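Order of the sequence lines fixes the chain letters, A, B, ..., with proteins taken first and strands second; residue numbering starts at 1 for each chain. All values reported here derive from a predicted model rather than from experimental measurement.
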There are 2 protein chains.
Amino acid sequence: MDETVQQLVERMALICEKEGMPRIGGRIFGYLLATDQTFSLEDLAEQLQASKASVSTNARMLEQFGMIRRVSVLGDRRDFYRVQDDPWEQMLRVAQGRWREMVNVFNEAAERLPEPAGRARMDDAARFHTLLIRECDALIDRWHALRRQEQADAGAEVPLRRAAGA
Amino acid sequence: MDETVQQLVERMALICEKEGMPRIGGRIFGYLLATDQTFSLEDLAEQLQASKASVSTNARMLEQFGMIRRVSVLGDRRDFYRVQDDPWEQMLRVAQGRWREMVNVFNEAAERLPEPAGRARMDDAARFHTLLIRECDALIDRWHALRRQEQADAGAEVPLRRAAGA
DNA sequence: CGATACGTTCAGTATTGACTGAACGGGTTG
DNA sequence: CAACCCGTTCAGTCAATACTGAACGTATCG
């Protein structure tokens with residue numbers, strides 16, 4: 001494996017681990033991200049020096065988070081994996097789900113707690129996370145807009161040259 | 001301890017644990033949040049049924065995250081703790097710091113990676129997190145505005161009644 | 001200056017959970 | 001139908017780390 005790729009893989013492993021994800025999950029994501037290619041389960045296990053069992057489990061987790069996707073290839077029984085088109089949006093959506101649960105917890109506590117001051121704190125927390133969820137939707141929209149812009153710019157490079165030649 | 005408080009404490013413990021924080025850290029934060037009171041180290045250890053050592057360590061961690069603060073009381077040698085005025089903003093700021101590091105990692109990889117496609121992915125990732133950081137600043141501003149509004153409304157309740165009586 | 005109170009640090013313990021190898025099930029090929 | 005290929009599941013192992021009790025350093029009080 002290319003050394004630069006490996007560096008990113010290991011960094012990604014540590015970052016993801018700090019976020020509460022298994023280290024190998026971070027490695028898989030980092031590898032698929034840095035190569036932007038499609039790999040079989042066995043390829044991943046070999047390249048990342050992990051057991052197929054571990055890769056299988058972690059790949060499924062990443063798939064459920066929407067950060068990578070399974071690819072089926074005609075005439076091949078194996079599973080292939082590659083990074084999702086927009087993994088970061090998916091990350092945010094998962095986070096939104098967690099925040100929604102927290103809002104429920106806070107709202108429930110805001111009704112039941114004995115002390116008014118504590119209830120106010122819970123209300124505050126619920127409002128904050130509600131705002132967080134709402135603003136995240138807006139952020140995703142902005143991200144899509146920015147991303148379309150990027151891709152339009154990148155895609156325009158070649159056609160522009162053609163136009164110049166015409 | 002009140003049962004409702006205890007429920008929130010345990011829920012908060014699990015939530016925080018899932019985010020990669022020690023369980024007792026979550027308990028401390030949840031307890032201070034739900035009671036909105038000031039407690040000594042020993043109080044916390046007793047109420048949360050944990051050792052003073054553990055509470056000491058975790059309280060310092062929460063303090064460094066800006067989620068709780070130490071309170072000193074005149075004529076008392078002990079340390080007291082209470083929840084920070086706006087712990088959620090602090091949480092976001094800590095997250096921003098992590099994202100900044102990630103942007104560095106991505107940018108570095110975007111320059112060094114062998115494959116153009118991989119470099120594009122890294123660039124994409126860096127852009128996303130940069131946007132995330134920027135939008136978070138805006139979010140914090142909105143949160144402050146919303147919060148001022150809340151507090152103004154809450155504070156207005158009594159004066160309004162006075163105004164109505166006048 | 002000795003005694004006490006308080007918080008922190010540190011070594012040891014216990015628990016969690018990530019990871020592995022092997023067994024299993026489903027499906028395809030000869 | 002037998003042999004094989006893939007992926008998943010599961011029991012077992014190992015490492016990481018949260019937590020504790022005890023020792024320590026520091027400051028305050030008699």
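At a non-hydrogen distance threshold of 4.0 Å, B:Pro22, B:Arg23, B:Ile24 from residues 20-35 of chain B come into contact with DNA chain D.
Taking atom CD of residue A:Glu17 and atom P of nucleotide D:dA16, one finds them 9 Å apart after rounding to whole Å. Distance B:Phe80 CZ to C:dC6 C1': 11 Å, rounded to the nearest Å. Atom CG of B:Leu48 and atom C1' of D:dT20 are 15 Å apart (whole Å). The distance between atom CE of B:Met61 and atom P of D:dT17, rounded to the nearest whole Å, is 11 Å. When rounded to the nearest whole Å, the span between CG of B:Leu44 and P of D:dC19 equals 14 Å. Distance, B:Phe39 CZ to C:dC6 P: 17 Å, rounded to whole Å. Here C:dC6 presents its P atom at 13 Å from CD of B:Glu46, a figure rounded to the nearest Å. With rounding to whole Å, A:Leu14 atom CG is found 11 Å from D:dT17 atom P.
The hydrophobic cluster containing B:Val73 also includes B:Val71, B:Phe80, under a criterion of side-chain heavy atoms closer than 4.5 Å among ILVMFWY residues, counted directly or through chains of members.
Scanning for salt bridge (Lys or Arg N to Asp or Glu O under 4.0 Å) contacts around B:Arg112 gives B:Glu108, with sequence neighbours left out. Looking at residues two or more places apart in sequence or on another chain, you find no salt bridge (Lys or Arg N to Asp or Glu O under 4.0 Å) involving A:Asp141. Under the side chain to side chain contact (heavy atoms under 4.5 Å, CB included) criterion, B:Asp137 pairs with B:Arg93, B:Gln96, not counting sequence neighbours. Annotation: side chain to side chain contact (heavy atoms under 4.5 Å, CB included) contacts of A:Asp36 (sequence neighbours excluded): A:Arg82, A:Val83, B:Ala117, B:Arg121. A:Arg142 is linked by a salt bridge (Lys or Arg N to Asp or Glu O under 4.0 Å) to B:Glu135, counting only residues two or more places apart in sequence or in another chain. Take A:Glu17 and apply the side chain to side chain contact (heavy atoms under 4.5 Å, CB included) test, not counting sequence neighbours, and it matches A:Leu14, A:Arg23. Contacts of B:Arg119 classified as salt bridge (Lys or Arg N to Asp or Glu O under 4.0 Å), with partners at least two apart in sequence or in another chain: none.
With hydrogens and angles disregarded, no donor-acceptor distance shorter than 3.5 Å links the side chain of A:Ser54 to the backbone of A:Ala50. No donor-acceptor pair closer than 3.5 Å links the side chain of A:Asp124 to the backbone N or O of A:Ala120.
Nearest-nucleotide assignment on DNA chain D puts the 5′-proximal partner with A:Asp76, out of B:Ala50 and A:Asp76.
Residue pairs meeting the salt bridge (charged side-chain N to carboxylate O under 4.0 Å, His left out) criterion with at least one member in residues 37-60 of chain A, sequence neighbours excluded, do not occur.
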Taking only nitrogen or oxygen atoms into account, show me every contact under 3.5 Å that the protein makes with nucleotides 28-30 of chain D, one pair per line with its distance.
none

Pairwise N/O distances under 3.5 Å, protein to nucleotides 8-11 of chain D:
{"from": "D:dT8", "atom 1": "OP1", "to": "A:Arg70", "atom 2": "NH1", "distance (Å)": "3.2"}
{"from": "D:dT8", "atom 1": "OP2", "to": "A:Ser56", "atom 2": "OG", "distance (Å)": "2.3"}
{"from": "D:dT8", "atom 1": "O5'", "to": "A:Ser56", "atom 2": "OG", "distance (Å)": "3.4"}
{"from": "D:dT9", "atom 1": "OP2", "to": "A:Arg60", "atom 2": "NH2", "distance (Å)": "2.8"}

